[in-house]
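Here the structure is laid out as structure tokens; the discussion comes afterwards.
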There are 2 protein chains.
Amino acid sequence: MAKLEDIAKLAEVSPTTVSRVINNYGSLSEKTKNKVFTAMKELNYQPNSLARSLKGKSSKIIGVIFPGVSNPFFGQMVETIENQLFDRGYKIILCNAGKNKEKERAYLRMLIANQVDGIIAGSHNLEIEEYQQVGLPIISFDRYLSENIPIVSSDNFQGGKIAAEVLLASGSKNIQMISGANQPNSPTNRRLVGFKEVIEDNNLKFGLTEIKYNASPNIKGMKIKEVLSNNSVDGIFCTDDLTSLLVFQQAHQLGLRIPEDIRLIGYDGTSFIQEFHPELATIEQPINDIVTLMIDLLLQRIKDPDCNLQQNYVLPVKAIAGETSRRISE
Amino acid sequence: MAKLEDIAKLAEVSPTTVSRVINNYGSLSEKTKNKVFTAMKELNYQPNSLARSLKGKSSKIIGVIFPGVSNPFFGQMVETIENQLFDRGYKIILCNAGKNKEKERAYLRMLIANQVDGIIAGSHNLEIEEYQQVGLPIISFDRYLSENIPIVSSDNFQGGKIAAEVLLASGSKNIQMISGANQPNSPTNRRLVGFKEVIEDNNLKFGLTEIKYNASPNIKGMKIKEVLSNNSVDGIFCTDDLTSLLVFQQAHQLGLRIPEDIRLIGYDGTSFIQEFHPELATIEQPINDIVTLMIDLLLQRIKDPDCNLQQNYVLPVKAIAGETSRRISE
DNA sequence: ATGAAAGCGCTAACAA
DNA sequence: TTGTTAGCGCTTTCAT
């Protein structure tokens, strides 16, 4: 692997000059520039980022911590992050923290060791303290990590409200909400609050079933079957689209018709769902905007670590109509 | 950020000694070890990977190039890669090359600049030469990149055969295959070859519809509708499960029943499909094994760049039964 | 068992 | 406009 010095020799200039050419810095004659460029071409030269970062320049790497990317929602999220960061000249180290505290901790250490410029965190296994100690710009997606770490999220409260309104408009009276187990302090809890508000404003009640986020689809399926059979449910709000898909399936297996017998609405609205399951009504999170905002904030913090940012940034959601929430005329 | 020297001072030893403790190298007295450990704890010390890599140690970073991770197949692939590499002490830089030649080229350069130890490539936009010049250990998934770059893939030929057999066993006679546009030299073409062989051995013919991998679901949907309406098709093999999903939908919209009117089988068999669409018959690629093998080979090459590896490694596939390929008794 | 010193590839004062 | 030199944080001979 050719190094800067080799270029310098070949071009018959000093290393400094080569560095200047590479970084387009200081004053240089066209002639030297050309000599250097030619030499770089000839040796197929690539500056060593490591050495560059060591010498004070930033690494231009962002650590991205999510539970995983096999889930289409996180997949789209991470893909969007990666694409947008690439355009801004950054690369990402991907960290699938799963549901593993130890792993997340190890990742944090590793990211520090690798001198990343900042972190985008969409996972949530760790205690507040550990994030506080990182001493690196962090932006969090939809999770409370610690004071002073800004949270970007979609408008969970409004999302919950809209979901309730859709179900009510579809004529549902006997409503169930199926959500992941409550994370203390998590903004996603607001979906429940918003949902509840609307339902109760309409003098109705609703049942709440919590299913652990990390339960296997089989387990989830079972719980859903319970929900579907024990009640005369006619409307269901799932806090993510995959659970909604499962409900759709189980209903079919039980011979319940959607939307005739039960109306269904999910949450997230990934392009995957919109493209491959357009029948599913859902609340769409504005993934692109979320990502853009997270990156803007992160880069701000990177530029000026002491810059003042809000604790919460909330982006609007949108209802996506779908066959599963169609009103059945009586 | 505390550095090695700070530890040395605090522990009242030389930097060398600290380095020895960190790397568990050379001979050390218990006493010094303890002093150093204590100091490290106290300053919450993290060795700087960059500096370490600069000084000859490998970076322990692998570049992972795929089209994207919002597609569940690639998502699962990348997640598995990341998990397995983490266990082996490596981290990954994720590169979503999309369908963009320029981007893939830029990634290659960037990975070199970042001194990655090796590359796992699952994308396929570039010309052979560019990969040949990288001068880094590379393993490819399911794509021919260049001589001397090992390809790991599932048994595409056998997969095609099995798919054909399943459709035949289900009683289909008027069969269509829907595949991505043919990549020259790509191992995935063997799915077609295997499929064709079985169909023709049974004195049948089949129609082939090629749909560009990167077509939007809407475009794909249209083409599929054509396929479904222009023929009296009664059996379809899609070379990926998402297309298969689309066929399933379109068939419903056209009032065609699956499996009564048409039998359907896909390809890939991600856990996503198996869990959320168990009705879809498919050919499962052994993602875990593929990843394990790719990583084994890559680490071998990293250890010994000249080690002899085969050009092709083929792993067996498995048919996953599903309602969509059930035989209808007459 | 421990330390001194050189150097990895690059950048950035400071000189000229 | 260009070059000399020191040093980023760490590892590693070579001494002691």
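Protein chains get the first letters and strands the later ones, always in sequence-line order, with residue 1 at the start of each. Quick note: numbers below take in every heavy atom, side chains included, and nothing from hydrogens, waters or symmetry partners.
When the C1' atom of D:dG7 is taken as reference, atom CG of A:Leu54 falls 10 Å away, rounded to whole Å. With rounding to whole Å, B:Leu28 atom CG is found 10 Å from C:dG3 atom P. One atom, CG of A:Asn34, and another, P of D:dT2, lie 11 Å apart when rounded to the nearest Å.
Which of C:dA4, D:dG3, C:dC10 sits closest to the side chain of A:Tyr45 comes down to C:dC10. Across D:dG9, D:dT13, C:dT11, the shortest atom-to-atom separation from the side chain of A:Arg52 is found for C:dT11. Of the candidate nucleotides C:dT11, C:dG3, D:dC10, D:dC10 has the atom nearest to the side chain of B:Asn48. When each of C:dC10, D:dC10, D:dT2 is scored by its nearest atom to the side-chain atoms of B:Lys3, the top-ranked nucleotide is D:dC10. You'll find that the side chain of A:Lys55 is closest to C:dC10, out of D:dT11, C:dC10, C:dA4. When distances run from any side-chain atom of B:Ser14 to the nucleotides D:dC10, C:dA4, D:dG3, the shortest one goes to C:dA4.
The aromatic ring centroids of A:Phe272 and A:Phe73 lie 6.0 Å or more from each other.
Every residue meeting the side chain to side chain contact (heavy atoms under 4.5 Å, CB included) condition with A:Gln300, not counting sequence neighbours, appears here in chain and number order: A:Leu297, A:Cys307, A:Leu309.
At its two ends the helix from C:dA1-D:dT16 to C:dA16-D:dT1 runs along axes set 40° apart, each axis drawn from five pairs and the angle rounded to 10°.
In this structure, B:Thr17 reaches the sugar-phosphate backbone alone: every heavy-atom distance under 4.0 Å involves primed, P, OP1 or OP2 atoms, never a base. In this structure, A:Ser27 reaches the bases: a heavy-atom distance under 4.0 Å links it to at least one base atom across the strands shown.
Annotation for B:Glu12: atom CD does not count as buried by contact number, only 12 or fewer foreign heavy atoms lying within 6.0 Å.
Between the side chain of B:Gln285 and the backbone N or O of B:Ile287, no donor-acceptor pair lies under 3.5 Å.
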